[in-house]
Structures are given as structure tokens and as C-alpha cells.
Q: 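Just passing along the structure, written as C-alpha cells.
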Amino acid sequence: MATEITPSLTLALFCKVVDNYGDIGICWRLARQLRHEHGVAVTLWVDDLQTFQRICPEVDTGAPLQQVAGVAVQHWAGQDGGFTPADVADIVIEFFGCDIPPGYIAAMAQCEPRPVWLNLEGLTAEEWVEGCHTLPSSHPRLPLTKHFFFPGFTAKTGGLLRESALEGQRQAFLSDAAAMAEFLARFGVTPAELASLKVSLFCYPHAPVAELFSAWAQGGEPVLCLVPEGVAADAVQAFLGATPAAGAVRSSGALTVRVLPFVPQQDYDKLLWACDLNFVRGEDSVVRAQWAGKPFVWHIYPQDENLHHKKLGAFLQRYADPAGQAAGALDAFSLRWNGALPPGADNGPDAAAEWRALWPALQAVMPAAASRAAEWQQQITAHGDLATNLLRFAASLK
Ligand code: TRH
């Protein structure tokens, strides 16, 4: 549902690409949705156009300012530069605490009325988020207040990014077997391979991919693993015995690995919808996997002192199947995938043997995991979507 907004509402979204694709992935998704579903005139400030181009091939990496899908994309080349109140948007969002240029902040302080200033935070399932969502923070010197806006999995958070047409598109795709086969055929998937368990693989380089490949190869069920170029490069190269370039393929035992090009962001959703099990990572792909309504395994972004294990535990607890059928195997598999131990377990001497046991245990609960994924998708849909929730909150501050 669209919010009531002023037709001329302007919004500046500042995105610093720390590493990987998640930051720009999230900001690009939010910018497009604000523009297309809410009519907001969005300027996306982004420091790294090369990374942006990988998920959105239309981006011109040499352009200081360009229009992409109705969004003004401004190359954020540095912190210098003077701004006037006329340059300042009605809503200013800094993504994940990035420092917006001091000159822009100074111009914000001169605006009458002041812009709404939000810090859009990272996603975690931990409970403390509910207490911090929408909290104000006064600027130490200037007459400005910034508010924290947290995405999340409960009604007391800002919710998750979800385009209004997404579910309809997913249903249409899933009910059209020919469209799905045609989509996969673009990556070389043969009609015979469609009968395999189809798995997409997106993870950080330290995931135990080699061990999992070996368990899949020795397993009883054919597995087709679709891995975008550059992901798990060492393990994929070792399996292929060749450079893992897009188009490369090799089968061994029950496993076939196919390397895909790194697909544009909208096609990535289709890949998740087309697969039976998705390995995802970071923040944006894990959310897309949840909207895909299919079982998934999350490789969480690593943090110092294994803080990410706490975050993973918080998520698994929220996600746990109330009837408990899939949770045990899914939790054990997810924890080990992230280098964490299930309670009471210790590191076994033989990692390969461990994965040969973890995989069949997960495989055995796949039907229950699929039901849980569909149920969870309904549950999180109930909290609205982040873009609408964010605009509502901004309107409440005016
Ligand atoms: O790239 P990531 O590892 O990003 C991470 C996280 O956002 C993390 O929270 C952040 O702190 C860290 O970066 C710096 O994973 P994520 O979040 O899943 O983002 C990947 C994006 O890339 C997502 O928008 C989906 C998109 N994508 C494609 O468009 N095509 C592809 O082929 C693939 C594999 C991904």
C-alpha cells in the first residue's frame, strides 16, 4: 500500500560501499522502490560505481550524475564541496552510519523546515533492535536531530524491503514451468538437470564449500549447484579443475556444478525462486531468500569476536519451526556452515565425514523446511515493507 506523500517529496540516500555488494544492493532496491511505488524524487549518492554496475549493468561508471531507472545517481566522490539549503532533500538517509559530507550537514541545519534525517541501520534479529528503532540523536553542535531506523523481523522494527509486485511476480514465475526452464537454460541448464535438486550458492570465501561438494558428490540424490562467477572461487576452481569462468561446468558423482555470470539484481530473485535450496549471505540476499519462500542456509557476514554467531543464533531462534520438524537439522547445518558449533558439540576430527552426515540430515527434512519457509514468508509479510514504513515514520516527524 502506498503512503500519502507530497508529490514533490525529495530524498537523498547516501551509500558508502564498504566491501561486497550488500550496501549498494540494499540502497539500490530501496531507491527504486521509493521512486516507483511512492513517487519520491530520489538521489542516490554512491561512492563506488564499479560495484554498483555489477548488480545494475546500466550504470555508467564514468558519469558524475546520471538517471538510472528514474533515480538520480550521484557519484559521491568525496567529503568536500559546498552545499546550500536548496541542495538539501526533504528526507536525508545515511545508510549504515556513513558520514555524509560536512557541508551537506551544515546546509541541512540552515533549512527551514529542517529535513528529516535518518540513519538506516543494518539488519539483525536480536531483540535490542526493538528498543533502539526510531530513537532520536541530537547533533552535538547544530540544531539537527537524526533518528535511527532499523530493519527487522517484528512489528516493532522497520520491517524488510519488499516491492509490492514481488509476490505476484514470484507466483507467476513459479506457475510457468516453461519460463523457469527457459530462464535456467540461459545458464546452460539442460532439461535433464531440471530433475536434480537445484541449489544456488552465494557465500563468503571461508565457507566449507569443498566439504559440501564432496558430500553432494557422494550423496544418493543428483544435485545441480548454480554458483555465480567469483563466489567460492577456490573451491569451485578445485572442483572444476579449471578457472571458474561463467559457463564452466563439471559433474562428479551425484553433483554437477555450473558457473553462472554474476546476474543483475532482478534476475537474482528468479534464480532463488527457481532453486529448491538457496545458500545466501550478508543482508540483502538472505532477505530475498526469505521472500523466495524456499529453504535457505545463511552465511552471515563475519564480525570480530564471533559477534556474528550471536546474530545467527538470534535469527535461527526466531525462524525455528514451532512444530520443530526442520529446525534441528537446519540449525545444525547453518551453525556449522558458519563455523559455529551446535550446543554441546565439539569439533570432530574429520570435517569431510561431518558434512557427509550433515547433508543427509538436512536433506531428510527438506519437505518440512519448505513448509516452514512458506509459513515464515507469510509471517514477515504481516509487518509491512521497509520503504512504506520508513516514509510513514518520516511523515510522523514533520
Ligand atoms: O555482498 P554481501 O556480502 O554484502 C554484505 C552485507 O550486506 C553485510 O551486511 C555488509 O555489512 C557487508 O556486505 C559489507 O551480501 P548481500 O547483502 O547479500 O548483497 C549481495 C547483493 O548482490 C544482493 O543485492 C544480491 C546481489 N546479487 C546479484 O545481483 N547478482 C548475483 O549474481 C548475486 C550472487 C548477488
Side-chain angles (χ1 to χ4, degrees), residues 13 15-33 44 46-48 50-59 68-69 94-98 119-126 129 150-152 160-163 166 183-184 186-187 199-207 209 225-233 236 244-247 257-275 277-292 296-304 307-308 310-312 314-315 337-338 386:
L13 172 56
C15 174
K16 202 151 245 166
V17 177
V18 176
D19 69 64
N20 303 311
Y21 307 99
D23 306 301
I24 187 59
I26 293 158
C27 290
W28 178 228
R29 201 179 285 297
L30 174 62
R32 268 183 298 156
Q33 195 185 346
L44 173 60
V46 54
D47 63 336
D48 176 353
Q50 268 83 16
T51 302
F52 190 5
Q53 194 192 44
R54 282 208 85 193
I55 60 163
C56 177
E58 298 98 286
V59 168
V68 186
E94 56 186 39
F95 181 70
F96 220 169
C98 66
N119 181 357
L120 177 57
E121 283 288 342
L123 176 66
T124 172
E126 291 161 294
V129 163
F150 282 83
L160 300 167
L161 278 173
R162 173 175 46 82
E163 300 80 0
L166 186 71
F183 174 75
L184 292 172
R186 278 167 41 194
F187 306 120
V199 179
S200 76
L201 179 63
F202 185 37
C203 58
Y204 296 109
H206 59 280
V209 173
C225 175
L226 302 171
V227 54
E229 199 173 9
V231 174
V236 175
V257 172
R258 280 194 176 276
V259 182
L260 317 184
F262 196 87
V263 296
Q265 204 180 40
Q266 273 134 317
D267 281 348
Y268 185 63
D269 279 325
K270 290 188 183 160
L271 180 65
L272 298 175
W273 301 340
C275 285
L277 171 65
N278 294 302
F279 285 75
V280 284
R281 75 182 202 191
E283 178 168 335
D284 192 52
S285 58
V286 72
V287 171
R288 302 317 279 185
Q290 291 168 57
W291 296 133
F296 64 92
V297 176
W298 184 20
H299 205 214
I300 189 166
Y301 189 73
Q303 286 180 291
D304 290 344
L307 262 184
H308 57 294
K310 212 169 154 219
K311 288 187 177 174
L312 177 65
F315 176 76
W337 186 243
N338 285 279
L386 186 136

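What's counted below: heavy atoms across the whole structure, side chains too, no hydrogens, waters or symmetry copies. Whatever order the structure lists them in is the order used to number ligands and atoms, beginning at 1. We're numbering straight along the sequence, starting at 1.
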Q: Kindly write out the residues that satisfy side chain to side chain donor-acceptor pair (under 3.5 Å) with R162, not counting sequence neighbours, or none if the list is empty.
A: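 R162 satisfies side chain to side chain donor-acceptor pair (under 3.5 Å) with no residue once adjacent residues are dropped.
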Q: Taking salt bridge (Lys or Arg N to Asp or Glu O under 4.0 Å) as the definition, give me every residue that meets it alongside D269, ordered by chain and number, with sequence neighbours left out.
A: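 So D269 forms a salt bridge (Lys or Arg N to Asp or Glu O under 4.0 Å) with R288.
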Q: Mind checking whether F183 and W273 have ring centres under 6.0 Å apart?
A: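 No, the ring centres sit 6.0 Å or more apart.
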Q: Strictly distance-based, threshold 3.5 Å: is any side-chain N or O of Q53 a donor or acceptor partner for the main-chain N or O of V59?
A: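 Indeed, once roles are kept as given, a pair shorter than 3.5 Å links the two residues.
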Q: Salt bridge check: are E163 and R29 linked by an N-O gap of less than 4.0 Å?
A: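 Yes, this pair counts.
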Q: Identify, with sequence neighbours excluded, every residue that meets side chain to side chain contact (heavy atoms under 4.5 Å, CB included) alongside V129.
A: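 V129 satisfies side chain to side chain contact (heavy atoms under 4.5 Å, CB included) with T124, F150, T157 once adjacent residues are dropped.
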Q: Enumerate, one pair per line, all nitrogen or oxygen atoms of ligand 1 lying under 3.5 Å from a protein nitrogen or oxygen, stating the separation to 0.1 Å; write 'none' if no such pair exists.
A:
unit_1   : atom_1 : unit_2 : atom_2 : d
ligand 1 : 1 (O)  : Y21    : N      : 2.7
ligand 1 : 1 (O)  : G22    : N      : 3.1
ligand 1 : 1 (O)  : R281   : NH2    : 3.2
ligand 1 : 3 (O)  : Y204   : OH     : 2.5
ligand 1 : 3 (O)  : R281   : NE     : 2.8
ligand 1 : 3 (O)  : R281   : NH2    : 3.3
ligand 1 : 4 (O)  : G22    : N      : 2.9
ligand 1 : 17 (O) : E283   : N      : 2.8
ligand 1 : 17 (O) : D284   : N      : 2.8
ligand 1 : 18 (O) : R281   : O      : 3.0
ligand 1 : 18 (O) : S285   : N      : 2.8
ligand 1 : 18 (O) : S285   : OG     : 2.5
ligand 1 : 19 (O) : G22    : N      : 3.3
ligand 1 : 24 (O) : Q265   : NE2    : 2.9
ligand 1 : 24 (O) : D284   : OD2    : 2.5
ligand 1 : 29 (O) : V263   : O      : 3.2
ligand 1 : 29 (O) : Q265   : N      : 3.4
ligand 1 : 30 (N) : V263   : O      : 2.6
ligand 1 : 32 (O) : V263   : N      : 3.0

